[in-house]
2 protein chains.
Amino acid sequence: MEFQVKFDINEKIFLRNPESSEVGRQMVKKAIDLIYELGFEQFTFKKLALEISSTEATIYRYFENKHRLLLYILNWYWSYMEFLVTFQLENVSDKKERLKIILNLLTQEPTESTNQFDYNKKLLNQIVIAESSKVYLVKEVTEINKNEVFKPYKDLCGKIAEVISEYNPKYKYPRSLSTTLIETSHHQQYFSINLPKLTDVSSENSSNFTSKFIEDFLFKVLD
Amino acid sequence: MEFQVKFDINEKIFLRNPESSEVGRQMVKKAIDLIYELGFEQFTFKKLALEISSTEATIYRYFENKHRLLLYILNWYWSYMEFLVTFQLENVSDKKERLKIILNLLTQEPTESTNQFDYNKKLLNQIVIAESSKVYLVKEVTEINKNEVFKPYKDLCGKIAEVISEYNPKYKYPRSLSTTLIETSHHQQYFSINLPKLTDVSSENSSNFTSKFIEDFLFKVLD
DNA sequence: TATTTGAGATAGTATTACTATCATATGAAA
DNA sequence: TTTCATATGATAGTAATACTATCTCAAATA
């Protein structure tokens, strides 16, 4: 079975919908490749324009600045994650199993994209790990939050919080635990590769280290 | 009782030691004010030069770029935190109490700096919450890590991990739990102020929300 | 006293992050 | 089929950023 998913991204994020044209779609696809390759700081619209054989001016007609473009990509990712959670939880009633499915989604590398029209999920996942905090750790966070541009992240968090509460209705901090799971999965994956002394990875336990760590703490917190 | 603390910051971080001159000291002090005020992205050496009535060229003689200056500030902070942990743990033998002291240091606003020669700890704390991840979430992380510039963070992590292991020697992930405590305390403090829907704060439980969440979390994991 | 060193002043460059204008192609509406 | 709106590309230009280089002067040091 194969299918594509589309999400309605909040219109406040872009000036012109990149889904509405070929350049727009190319723009987002190549942006993912470039941000992965260069890191967000070194990524520029000039470099992206060159890559898609277009111009800076054209890109600026779609996105106000590179921060917005990153936000667009992350909104897509968060929507996609919420979709995956919903989809994979379908018909699973065991409450522990439901949590495990979520942990799996948060810590496993996504499967390779099979069709060329889709975004590259592996690169996207790496971008989320290394760059996602840069969209909210900015001075203007309150201002940009007014346009509900973080709604997909909040929704994902809310969905995971629900599953947590189903499992243990007495637990008092389902949302905070939910963001902690998400953020910690990013940190520990990043640290275990780049700054392993900040973790407990070793050559023996390196495979799925983050999974094991997070699963261990989640069930200790909830049981 | 009042005293000042000095730390030897890794020489690879700066070109010229800012502690060695008055401009240098002013530079770091004012950088803390400015980064707090503008956020790291909007902070520039030009603005800092103006603020200390010096020139960009002078600042560049001390620091290669603003990333290094932020790293310098964070190294000082991490060293300071490790000092505080060591100091406040002195003569406390109760193992649970020792963990509680650490949690307190991670989640409480620091006390106002009493003397003008010292850095402003409250601003520093806010900078750590909002900007610290930007020093390691960069493409060049492996390269800059070679100079041991993250040693103070790793040492702090190691020290907290020791206290965790004392409390529960069987726990398998003391370092990862340690970084999770540190990073989660930053996230939850930031979210509870700026994106409260990502947490469980409410008007009733807002005071020390992060403290309560993390304490609950830590002892459930370790007991 | 001679010499090194640090700071300030000044200038200059490449790149970034935009904004503006105009011509042309395309596709839909009349 | 013509008309017209709209998107794109080409080009240009600006202010700010992130540097580097050079020279002078003053103060510390040998």
Side-chain angles (χ1 to χ4, degrees), chain A residues 9 11-31 34-35 37-73 131 134-135 137-140 143-144, chain B residues 9 11-31 34-35 37-73 131 134-135 137-140 143-144:
Chain A
I9 306 293
E11 304 211 340
K12 296 283 174 68
I13 293 174
F14 48 75
L15 300 170
R16 197 194 301 277
N17 192 340
E19 276 302 309
S20 71
S21 74
E22 192 49 35
V23 237
R25 283 185 292 271
Q26 274 303 307
M27 206 174 282
V28 177
K29 274 199 67 166
K30 279 286 175 192
L34 270 186
I35 293 173
E37 192 187 319
L38 306 171
F40 188 60
E41 287 74 21
Q42 303 306 314
F43 167 79
T44 67
F45 278 2
K46 180 128 213 163
K47 292 171 186 168
L48 178 57
L50 207 77
E51 201 71 19
I52 60 173
S53 308
S54 178
T55 59
E56 263 186 287
T58 299
I59 300 171
Y60 276 107
R61 286 192 194 101
Y62 285 84
F63 296 101
E64 226 178 297
N65 51 49
K66 67 176 183 173
H67 182 269
R68 291 297 170 124
L69 176 48
L70 180 60
L71 192 54
Y72 180 90
I73 291 170
E131 322 285 359
K134 295 169 191 170
V135 303
L137 292 178
V138 292
K139 268 285 152 177
E140 325 86 76
E143 200 50 37
I144 60 180
Chain B
I9 307 293
E11 305 212 340
K12 296 284 173 67
I13 294 174
F14 48 74
L15 300 170
R16 198 193 299 280
N17 192 339
E19 276 302 309
S20 69
S21 73
E22 190 51 33
V23 236
R25 283 185 293 270
Q26 274 303 307
M27 205 173 282
V28 177
K29 275 199 66 166
K30 279 286 175 191
L34 269 186
I35 293 173
E37 192 187 320
L38 306 171
F40 188 60
E41 286 74 20
Q42 303 307 314
F43 167 79
T44 68
F45 278 2
K46 182 130 212 161
K47 291 170 186 170
L48 178 57
L50 208 76
E51 199 72 19
I52 60 173
S53 307
S54 179
T55 61
E56 263 186 286
T58 298
I59 300 172
Y60 275 107
R61 286 196 194 99
Y62 285 84
F63 296 100
E64 226 178 298
N65 52 48
K66 67 177 183 171
H67 182 268
R68 291 299 168 123
L69 175 48
L70 179 60
L71 191 54
Y72 180 90
I73 291 170
E131 322 285 359
K134 295 169 191 170
V135 303
L137 292 177
V138 292
K139 268 285 153 180
E140 326 86 77
E143 199 51 36
I144 59 179

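First the proteins, then the strands, lettered A, B, ... as listed; each starts at 1. No experiment lies behind these values; they were computed from the predicted model shown.
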Which residues share a salt bridge (charged side-chain N to carboxylate O under 4.0 Å, His left out) with B:E51, sequence neighbours left out: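 Residues passing salt bridge (charged side-chain N to carboxylate O under 4.0 Å, His left out) with B:E51: none at all.
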For [X] and [N], what is the distance between atoms [atom1] and [atom2] respectively, to the nearest whole Å?
X	N	atom1	atom2	answer
B:Q26	C:dA7	CD	P	13 Å
A:E56	D:dT8	CD	C1'	15 Å
A:Q42	C:dA14	CD	P	18 Å

Find every protein N or O atom lying less than 3.5 Å from an N or O atom of nucleotides 27-30 of chain D, and list the pairs.
none

Residues in contact with DNA chain D, drawn from residues 61-72 of chain A - heavy-atom cutoff 4.0 Å: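 When residues 61-72 of chain A is checked for heavy atoms under 4.0 Å from DNA chain D, the hits, listed by number, are A:R61, A:Y62.
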Contact under 4.0 Å: B:S54 side-chain N or O vs C:dG8 OP1/OP2: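 Indeed, a polar side-chain atom of B:S54 lies that close.
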Residue-phosphate contact under 4.0 Å: A:T58 side-chain N/O, D:dG9 OP1/OP2: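 A:T58 to D:dG9 OP1/OP2: side-chain N or O found under 4.0 Å.
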A:K134 bridged to B:E41 by N-O distance under 4.0 Å: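 B:E41 and A:K134: not salt-bridged.
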Residue list, ring-ring contact (aromatic ring centres under 6.0 Å, His included) with B:F43, at least two apart or on another chain: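 ring-ring contact (aromatic ring centres under 6.0 Å, His included) check on B:F43 returns nothing, list empty.
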Contacts of B:Y62 that satisfy ring-ring contact (aromatic ring centres under 6.0 Å, His included) - sequence neighbours left out: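 By the ring-ring contact (aromatic ring centres under 6.0 Å, His included) rule, B:Y62 matches no residue at all.
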Tabulate protein N/O versus nucleotide N/O from nucleotides 24-28 of chain C, keeping only pairs under 3.5 Å, one per line.
none

